[in-house]
Every structure is written in C-alpha cells, then in structure tokens.
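Only a predicted model underlies this, so the values are computations on that prediction, with no experimental measurement involved. For reference, positions follow the sequence shown, starting with 1.
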Amino acid sequence: MVLLSVELGGPIRAHQTHHRWPDSAYRRLGVLTLLFQVLWMCSPRDFAFMGFAVLLATTAFIFWSLKRLLICLAQETQIRMAVLGGAVAGYLLLGISGGLLFGALETLAPGSFINQADGGRELLLAGMGSDSVALRIWDLDFTRIHYFAFVSLTTVGYGDIIPALPPSQMASVALSISGPLYLAIVMGLLISRYTLQAEQQVKERSAASPGPPPHSGADSDDR
C-alpha cells in the first residue's frame, strides 16, 4: 500500500508539473486504507464491523492503482525493462483486484464460490464459519480466493473451485475476459512500440555510419 501510494501518487500525465486533486485523493485513499487495515487486524474479533468497508476500500485502491499505472504505460515511448516490469505489475494488480472483489462477493453472499476439491465447502478457513457479515470476513480463505482469481484471469479453469451464484459467475466471466484483453492490448502496444523503436535505432546507426563512396566511371575505364 505504501509503495503504490509513493510510486503512483505523483503527477502521472505528460507535461504535468504539479499535483492535481486526483493525485492527492489517491494518496489519501491509500493512507486511509492502510490505517483501516492496521486497525482492523489489531482489533478483537467482536470489533470487526468495519471489515467489509476495509475490503471495499482496498479493492477500490488497488483498481485505481491499476488505472494510474496503465496511464503511465500509455505515455511511454521508449520500451525499457522498467516499462516491461510495469506491464507485469499491472497484470498482477488486475488479478489482486479480482481476488478482492471475489472476497467481497463471498462476504455479501455466502456460498458464492464452492471448493469442489474439498467436498463442496465454502471458501472459508478450516473450522470457521460465521453468519454475521462483519465476522465472516475474518473467516475467508483469501489464499484460495486469490488463487481462483488468477486461475480465472489466465482462463485456465482447473475446476476445483467454481462460482455457484449468478453474481459470482458474472464476476468470474468478466475477469476471464479482462485477462486476455490486457495481454492483447497492453502487451500488443508495447511490442509494436518496441518494434518501431528497434527500426528507428537501426536507421540512426545507418545514418551515423555511411558506407564507402561509390566508384566513379573514370576508375572503371582505367581498369
């Protein structure tokens, strides 16, 4: 949370010399979400009424981070390792956003996701289970939820975890579509820009080191 707030909290658009209100709002949301998370994790189980709000705030912050990162990538003209690393980070943020969204759905509608490999159980920690929405968020198995999110993002679909309710099914379909679209659009643009960059570098090297001058007609007559 701190790293995202610092790296993506400054001016992100070309020729922008000062912070605008979205930049300040983004940093404040990151700090506020971090404070809420610390307070939520350090609070007793009976004081968990703010857990769902923390989950929604975290989801909004991660998704906003992805949007700002894509804006930064769209303005890059030189493809370097940092740009490729940013594209990979954007893909991972998309998967994390999906996992947080799935966690919110499982909190609101218990049984949204079923673990077929574990006898059709809900995605809860072993021995846990609360009827209260405020307490249920403590019981979610976020490891399996994020595992299913990344499996859906890559369109693998092992079948061990399945969406059981219409909202979770639609969310899974949306995430499955988002994964290939991200690869096709973002990585496709970066590859095309890298190709143009390589061609431009070849032209510049050719212009900087011209070949030997052509022989004159007089030289041919002498031979």
Side-chain angles (χ1 to χ4, degrees), residues 1-43 47-105 107 137-138 140-154 171 174-175 178-179 181-194 197:
M1 304 293 289
V2 175
L3 183 61
L4 289 173
S5 299
V6 172
E7 293 296 329
L8 295 175
I12 60 173
R13 298 188 179 276
H15 310 298
Q16 182 180 345
T17 58
H18 60 280
H19 291 84
R20 301 190 306 170
W21 71 265
D23 304 328
S24 301
Y26 171 79
R27 293 197 310 272
R28 291 173 183 173
L29 177 61
V31 173
L32 188 62
T33 304
L34 179 61
L35 292 177
F36 280 169
Q37 284 183 348
V38 173
L39 179 61
W40 173 58
M41 289 186 292
C42 295
S43 63
F47 190 68
F49 61 88
M50 59 181 298
F52 185 69
V54 172
L55 183 59
L56 290 182
T58 306
T59 305
F61 178 75
I62 296 297
F63 187 79
W64 198 353
S65 300
L66 173 61
K67 177 183 177 181
R68 294 176 68 86
L69 178 60
L70 292 179
I71 293 175
C72 294
L73 292 175
Q75 300 175 97
E76 292 288 345
T77 57
Q78 298 294 322
I79 307 302
R80 305 179 300 273
M81 287 301 299
V83 177
L84 297 178
V88 174
Y91 190 75
L92 297 178
L93 285 176
L94 182 59
I96 294 174
S97 300
L100 292 171
L101 177 61
F102 290 167
L105 288 175
T107 303
I137 194 172
W138 285 85
L140 296 180
D141 191 346
F142 282 101
T143 301
R144 292 187 178 276
I145 290 176
H146 280 83
Y147 155 77
F148 175 72
F150 278 97
V151 167
S152 300
L153 183 68
T154 56
L175 188 61
S178 301
L181 282 179
Y182 182 95
L183 295 177
I185 296 175
V186 177
M187 300 307 295
L189 288 175
L190 293 180
I191 291 174
S192 64
R193 290 183 183 181
Y194 180 78
Q197 175 182 326

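- Of the inter-residue distances, the one linking L93 atom CG with K67 atom NZ reads 15.0 Å to the nearest 0.5 angstrom.
- Using a distance-only test at 3.5 Å, with no hydrogens or angles considered, no donor-acceptor pair links the side chain of S24 to the main chain of W21.
- Ring geometry, F148 versus F102: the interplanar angle falls from 30° to 60°, so the pair is classed tilted.
- Within the 4.5 Å cutoff, the side chain of V6 has no heavy atoms near those of the R27 side chain.
- Looking at heavy atoms from C-beta onward, F36 lies in side-chain contact with L32 at the 4.5 angstrom threshold.
- The line from OH of Y182 to CG of L66 is 6.5 Å long, rounded to the nearest 0.5 Å.
- Smallest separation of non-hydrogen atoms from Y26 and S65: OH-OG, 2.6 Å.
- Between M187 and A87, the shortest heavy-atom distance links the atoms SD-CB, 3.8 Å.
- Scanning all heavy atoms of the two residues, the minimum distance from I96 to H146 falls at O-NE2, 3.7 Å.
- Separation of atoms CG (L39) and CG (L34) is listed at 11.5 Å; rounding is to 0.5 Å.
- Partners of E76 under the salt bridge (charged side-chain N to carboxylate O under 4.0 Å, His left out) rule, at least two apart in sequence or in another chain, are R80.
- The nearest pair of heavy atoms linking I79 to V83 is CD1-CG1, 4.3 Å.
- Considering only residues two or more places apart in sequence or on other chains, F63 meets the ring-ring contact (aromatic ring centres under 6.0 Å, His included) condition with none of them.
- Here the CG-CZ distance, from L55 to F142, works out to 5.0 Å after rounding to the nearest 0.5 Å.
- Residues L8 and C72 share a closest heavy-atom pair of CD2-SG, 4.4 Å.
- Contact between L175 and A149 at its shortest, heavy atoms only, is CD2-O, 3.3 Å.
- Atom-to-atom distance recorded for L56:CG and L101:CG is 9.0 Å, nearest 0.5 angstrom.
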